[in-house]
Amino acid sequence: MPVAKAKKAPTPPRSDDFSLDGGDSSEGMLNLKDLAFRILARWPWIVLCLLLGVSTALVNVWRASPLFQSTTTILVRDSNSGTLGKSEAGDFDVENREAIETIRSSLMTLEMCEAIANEPRIRNLSHLIPLGPKPLPFLGDPDYGKKAQEVPSVPVLARLIQTWVTAGIRDGTRLIDIRVEHEDPKVAMELANEFVEQYDKQRIEKKASVSQENLQYLLGETKRVKSDLQEAQNVSASYSLPLELEKALTVAEASAKSLSLRYGPLHPTMREANEQLASAREQLRISLLRAMDNPVDADYWASYRKAEGDLETTEALNRVRDLFIARHTVLESEIESQNLLYSTMLSQMETLELSPEGNSSEVLRQSAAREGVQIAPQKSKILMTGTMGGLLLGVGLAFLLQFIDSKYHSPGDLESQFDYPVLAAITDIPDLGKTSQSGVTERKSHNRKSSPDGKASAGLLFANDAIKSNYLEMFRVLRTSVALLGPAHERKVTMVTSATPSEGKTFVATNLAAAFAQQGQRTLLIDFDLRKPSVHKMFGHSRDQQAGLVELLVAKAQLGDIFQSCSSVKNLTLALSGSPAPNPGELLESDRIKALFDELRKHFDQIVVDTAPVLPVPDSRLIAPLVDNLLLVVRAEQTTRGMVSSVLSILENANAGPEGIVLNGYNERKAFGGKYSYGYDQYGYGSSYGDVYGDGSSSTTPQ
C-alpha cells in the first residue's frame with residue numbers, strides 16, 4: 001500500500017503584498033519594487049490622466065487673458081523736529097518698521113480704493129473693467145465683452161481695485177513697492193500712480209490735527225480705564241472675607257466627611273464636627289449676604305439675591321458659593337487686563353507729550369509707474385502644472401486601483417500572500433478562438449462543449465494539431481512540478497480543484513492527464529464532479545454513453561465497466577461521471593473512495609481527478625484527504641483573495657492543504673491589469689452549484 005502523504009500544517013496568509021515594511025529590509029525593498037511595477041503596469045490610467053492634465057492646461061492657456069503689472073515705488077522718511085535738519089533726520093532714523101508697515105497696510109484699505117474709484121479720471125479710463133478668461137465654446141457667457149463696457153458703482157469698483165493691488169516692503173529698506181495687475185497696461189500704470197497721489201492727499205489733510213486728536217483720545221481712554229480698574233479692585237476687595245470663610249467651610253466639610261466614616265452621628269467627636277460645620281456655614285452665609293448687598297457690586301447680584309433669598313438652605317448656599325468663586329476669577333482677570341492696558345496708554349501719552357508735534361512719516365515717490373509689463377499667462381508654467389497634476393492624479397488613481405484590487409494577476413501575487421508554491425502559470429491561448437478543421441467555430445479560451453461529430457474540444461491541447469508547442473510546454477512544466485513533489489509510486493493520485501466555478505480546473509486536469517499520457521505513463525482521468533461534469537465535453541463524448549462513477553458507486557457497474565479509451569491521446573483512459581445522481585454528496589463515502597483509489601493505483605501510473613469547486617459544495621473536501629497530490633486552480637483576473645483564503649482555510653482544516661497552486665488565464669504582458677476571458681462560464685459564476693440536480697446540498701461556506 002502506498003505511503004500516505006504528509007499534509008501541510010495550516011499556515012496563515014502572509015501580510016498583504018502592499019506592505020512597505022514586511023519582514024526585513026530586503027523584503028520591504030522587494031515589496032516597494034513590486035508595488036512600483038504594479039502601479040506602472042496600469043499605465044493606461046496614468047496616460048489618460050496625463051492627457052487630461054495636459055488638455056486642461058492647454059485649455060487654460062487658450063482661455064487666459066493677458067495680465068500686465070505696473071509698479072511705483074515710494075520712500076518713507078521720518079521728519080523729526082530736533083537738532084538735526086529735516087533732510088538729515090530721514091537718513092539717520094531707519095528702525096521704525098511699524099510705521100512703514102502701517103503705511104503699507106493703509107495703501108490697500110477699502111477706503112483708499114473707494115477714493116480712487118471715485119476719481120473721474122480713473123472712471124473714464126478705457127478698458128477699466130477686465131474681460132476675464134475666454135468663455136468655453138457652447139458654455140460661455142453670451143454677454144462676454146459687453147459687461148466690461150459698463151463701469152460699476154464706486155463700492156463695487158473699489159472692491160475690484162483692491163483685488164488688483166499689492167504692496168510690499170523691500171527687505172532692509174524703507175522702500176514700498178505698489179504693484180497693480182490689470183489686463184490693460186495703461187490702466188495698471190494709472191492706478192499705481194493714483195495710489196501715491198491719494199495717499200499724499202489724505203496725509204496732508206490729517207497731518208495737522210492727528211497728534212492732538214490722538215492725545216485727547218488717550219486722555220479720555222486713560223480716565224475710563226482707570227475708573228474701570230478702581231471699580232474692579234473695590235469689588236474684588238469686598239470678596240476677600242467671603243473667600244476666606246469659603247475655604248474654612250471647605251475644610252470643615254472635608255473634616256466632617258472624614259469623621260463620618262469612623263463615628264456615628266451621636267458620637268461626641270462627630271457632634272462637635274457637625275457643630276463646627278454648621279458654624280462655618282452660618283458665618284459664610286452672613287458674609288455672602290453682606291457682599292451681595294454691598295453697593296459696589298449690588299447690580300450684579302440683584303437677580304441672584306432675589307432668587308436665592310437669605311441662603312437658608314444648603315443648596316442655595318452652595319450655588320452662591322460657586323458663583324462667588326467664578327465672579328472673583330473673572331474680576332482678577334479683568335484687573336490684570338486693565339492694568340496692562342492702563343500702563344500701555346500711559347506710555348503712549350508720555351511719548352506724545354515729549355513730542356507734542358508728533359513724528360510724521362514723510363512719503364516720497366522714488367519712481368513713478370510706467371506702462372505695465374506682461375506677467376501672465378505663463379504658458380510653460382501652466383503646461384508644467386497641468387502635466388505634473390495629471391501625472392500625479394494618474395499615479396494616485398493607479399495606486400488606488402491597486403489598493404482596492406483583490407484579484408490575482410501574476411504568480412508573484414499568490415506566492416507573496418500564501419506559503420504555497422505556484423507550480424505552473426497557464427497563459428491565455430487566443431488560438432482556441434479560431435475555426436476548427438471541421439468548420440465549426442468554437443468558443444474562445446478552452447471551450448468545453450462536446451463537438452457535434454464526437455471530436456475532442458480545442459481545449460484539449462494535446463489533441464489539437466493547430467496549437468503551438470509553447471502552449472503544450474506549460475503543461476509539461478506542470479507535469480514536471482507534480483513529478484518533483486515526491487517518489488512516483490507514492491504520488492500517483494493528483495486531484496485538481498478550484499475555489500469557485502469557471503476557473504478552468506477541468507481544462508487543467510484534462511491537459512495535465514494528457515501530458516502524463518504523452519510521456520508514456522498509463523494515465524487515468526477521473527471526472528469526480530458528479531454535479532456538473534465537464535470532462536466528457538473535452539473529449540467529445542456524451543455523459544451517459546457508458547457506465548460511469550455514479551453507476552460504480554451505486555453498485556450498478558463493476559470497476560472495469562467505467563473505463564473508456566481515448567482515441568485522441570495515447571495511453572490515456574477516461575472514467576466519466578456517468579448518469580446524473582439524485583444525491584451526489586451521499587455517494588462520496590470516504591472508505592469507499594479510499595478503496596477505489598487503492599485499487600486504481602495497482603493498474604495506472606498516474607491518476608488525475610477532476611472534482612467540484614470547494615466553496616459551493618462539500619464534495620471536494622471529502623476527497624481531498626484521500627489523494628496524494630492536491631492542486632488548486634486560481635483564475636487570474638477573476639478569483640479574489642478572499643476566495644483563495646477561504647478555500648485554503650477549508651482544506652487546511654481538513655488536513656488537506658494543497659501541494660501547490662496553478663494560476664490559469666495568466667497574461668504576462670498584462671500581468672497587473674486588464675480583463676481576460678477564457679470562456680469557462682458553463683458553471684455560471686455565482687449560480688447555485690449544489691442545486692444543479694435539485695438535491696439542495698449547496699454549500700453555505702462563505703466566499
Side-chain angles (χ1 to χ4, degrees), residues 64-79 86-87 89-91 93-132 148 151-207 210 359-378:
S65 300
L67 189 63
F68 297 87
Q69 184 183 86
S70 185
T71 304
T72 184
T73 303
I74 60 176
L75 172 64
V76 180
R77 296 163 56 94
D78 278 350
S79 176
K86 180 177 178 182
S87 60
D91 296 330
D93 186 7
V94 293
E95 298 180 356
N96 194 357
R97 305 300 297 179
E98 292 80 3
I100 301 177
E101 178 62 29
T102 301
I103 294 174
R104 187 201 68 82
S105 301
S106 63
L107 287 169
M108 299 185 298
T109 61
L110 184 60
E111 291 75 11
M112 175 68 72
C113 294
E114 287 179 346
I116 295 174
N118 198 35
E119 284 291 330
R121 183 175 62 85
I122 297 298
R123 297 184 64 85
N124 293 330
L125 289 174
S126 59
H127 309 294
L128 177 62
I129 306 302
L131 294 175
V151 179
S153 61
V154 171
V156 175
L157 181 58
R159 292 187 182 92
L160 287 176
I161 295 175
Q162 196 173 33
T163 62
W164 301 338
V165 63
T166 57
I169 304 173
R170 294 190 193 179
D171 293 336
T173 70
R174 286 176 167 271
L175 299 177
I176 300 178
D177 294 322
I178 304 173
R179 300 181 181 90
V180 176
E181 297 178 357
H182 197 274
E183 289 184 7
D184 189 282
K186 294 183 179 179
V187 172
M189 177 186 66
E190 293 293 338
L191 287 174
N193 289 325
E194 185 65 24
F195 271 98
V196 180
E197 295 177 4
Q198 285 294 332
Y199 180 79
D200 284 338
K201 184 186 297 184
Q202 294 181 8
R203 182 172 61 88
I204 292 173
E205 293 175 355
K206 296 178 181 178
K207 185 175 181 180
V210 64
N359 284 341
S360 59
S361 296
E362 188 178 69
V363 175
L364 303 177
R365 188 184 308 222
Q366 186 76 5
S367 63
R370 298 183 180 181
E371 191 168 311
V373 294
Q374 186 170 350
I375 60 172
Q378 299 178 7

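All residue numbers in this chain count up from 1 along the given sequence.
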Qualifying residue for side chain to side chain contact (heavy atoms under 4.5 Å, CB included) with Cys113, from Met108, Gln162, Arg159: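 Result: among Met108, Gln162, Arg159, Gln162 is the only option passing the side chain to side chain contact (heavy atoms under 4.5 Å, CB included) with Cys113.
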Given Ile74, Val196, Thr166, the one that forms side chain to side chain contact (heavy atoms under 4.5 Å, CB included) with Leu107: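 Result: among Ile74, Val196, Thr166, Ile74 is the only option passing the side chain to side chain contact (heavy atoms under 4.5 Å, CB included) with Leu107.
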Write down the atom of [X], the atom of [Y], and the distance for their closest heavy-atom approach.
| X | Y | answer |
| --- | --- | --- |
| Thr72 | Ala192 | CG2-O, 3.3 Å |
| Pro377 | Ala64 | CB-CB, 3.7 Å |
| Gly132 | Ser65 | O-OG, 2.5 Å |

Residue pairs involving residues 97-125 (criterion ring pair (Phe, Tyr, Trp, His ring centres under 6.0 Å); sequence neighbours excluded):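 Listed once each, the pairs would be none.
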Ring pair (Phe, Tyr, Trp, His ring centres under 6.0 Å) contacts touching residues 155-185 (sequence neighbours left out): Trp164-His182
Sole candidate of Thr73, Asp200, Asn193 that passes side chain to side chain donor-acceptor pair (under 3.5 Å) when paired with Arg365: Asn193
Beyond-backbone contact of Pro152 with Ile129, side-chain heavy atoms, under 4.5 angstrom: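 Yes, their side chains come closer than 4.5 Å.
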Quick check: does any side chain N or O of [X] sit under 3.5 Å from a backbone N or O of [Y], one acting as donor and the other as acceptor?
| X | Y | result |
| --- | --- | --- |
| Arg104 | Ala167 | yes |
| Thr109 | Ser106 | yes |
| Gln69 | Gln374 | no |

Measuring from atom [atom1] of [X] to atom [atom2] of [Y], what distance do you get when rounded to the nearest 0.5 angstrom?
| X | Y | atom1 | atom2 | value |
| --- | --- | --- | --- | --- |
| Met189 | Phe68 | CE | CZ | 13.0 Å |
| Ile122 | Leu157 | CD1 | CG | 9.0 Å |
| Glu194 | Ile178 | CD | CD1 | 11.0 Å |
| Glu190 | Leu128 | CD | CG | 11.0 Å |
| Lys186 | Glu371 | NZ | CD | 6.0 Å |

Arg370 atom CZ, neighbour heavy-atom count above 12 within 6.0 Å: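 No, the 6.0 Å shell around CZ holds no more than 12 heavy atoms from other groups.
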Criterion side-chain contact (heavy atoms from CB on, under 4.5 Å) on Glu183 and His127, from CA distance to verdict: CA-CA 8 Å; Glu183 289 184 7; His127 309 294; over 6 Å; no
Short side-chain donor-acceptor distance under 3.5 Å, Arg123 and Asn118: no
For Glu119, salt bridge (charged side-chain N to carboxylate O under 4.0 Å, His left out) partners two or more places apart: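 Listed in chain order: Lys201.
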Evaluation steps, side-chain contact (heavy atoms from CB on, under 4.5 Å), between Ile176 and Ile100: CA-CA 8 Å; Ile176 300 178; Ile100 301 177; 3.9 Å; yes
Stepwise side-chain contact (heavy atoms from CB on, under 4.5 Å) check, Ile116 with Leu191: CA-CA 8 Å; Ile116 295 174; Leu191 287 174; 4.0 Å; yes
N-O pairing of Arg179 and Asp177 below 4.0 Å: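 A salt bridge is present here (some side-chain N lies under 4.0 Å from a carboxylate O).
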